[in-house]
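A short worksheet on the structure shown next.
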Amino acid sequence: MVESVHAWMKDYRHATGYHPTTGWIAYRLLREQFPAARITLVDFCPDGDIGTYKWPKHDWAWEAVFYRKHGVEIVSARARE
C-alpha cells in the first residue's frame, strides 16, 4: 500500500532492490508534509560506523548518496573526543 501512495518508496526499491530504512522513510514523509521545513538528522550516518547493527537488506550507501545529493543536514550529538 505504501508504494501506491508514495512513489518515492517504489523508486527506492526499484533503484536498490532493498527496503529503505525507517530513518529514510521518516525523512521522506517529513519532507513531503513540510517541504520548506529545516529537517536535521541526528546521529544518522548511513555510510559510516555509529556502533549499531546495520541490516543488510537496506542500501546504506545509496541512502548516504541520496542525503548528500539533496543537501540533508546530518549532525552528531556525540561529544568530540
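A quick note: this is a predicted structure, and the numbers were derived from the prediction, not measured.
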Hey, are the side chains of F34 and I39 touching, using non-hydrogen atoms and a 4.5 Å cut-off? no
Could you tell me if the side chain of F66 sits less than 4.5 Å from the side chain of W62, heavy atoms only? yes
Which residue, K57, E63, K54, forms the side chain to side chain donor-acceptor pair (under 3.5 Å) with T21? E63
Can L29 and H6 be said to form a side chain to side chain contact (heavy atoms under 4.5 Å, CB included), step by step? CA-CA 9 Å; L29 289 171; H6 304 288; 3.7 Å; yes
Do F44 and Y27 come close enough that some side-chain heavy atom pair is under 4.5 Å? no
Side chain proximity check, W55 to Y18, heavy atoms < 4.5 angstrom: no
Check whether more than 12 heavy atoms from other residues, nucleotides or ligands sit under 6.0 Å from atom NE2 of H70, and answer yes or no. yes
So, taking the atom named NE2 in H58 and the one named NE2 in H19, what distance separates them when rounded to the nearest 0.5 Å? 8.5 Å
Nearest 0.5 Å please: distance from the CD1 atom of I25 over to the CG atom of L30. 12.0 Å
Suppose the criterion is salt bridge (Lys or Arg N to Asp or Glu O under 4.0 Å): which pairs have a residue in residues 23-44, not counting sequence neighbours? R38-E73
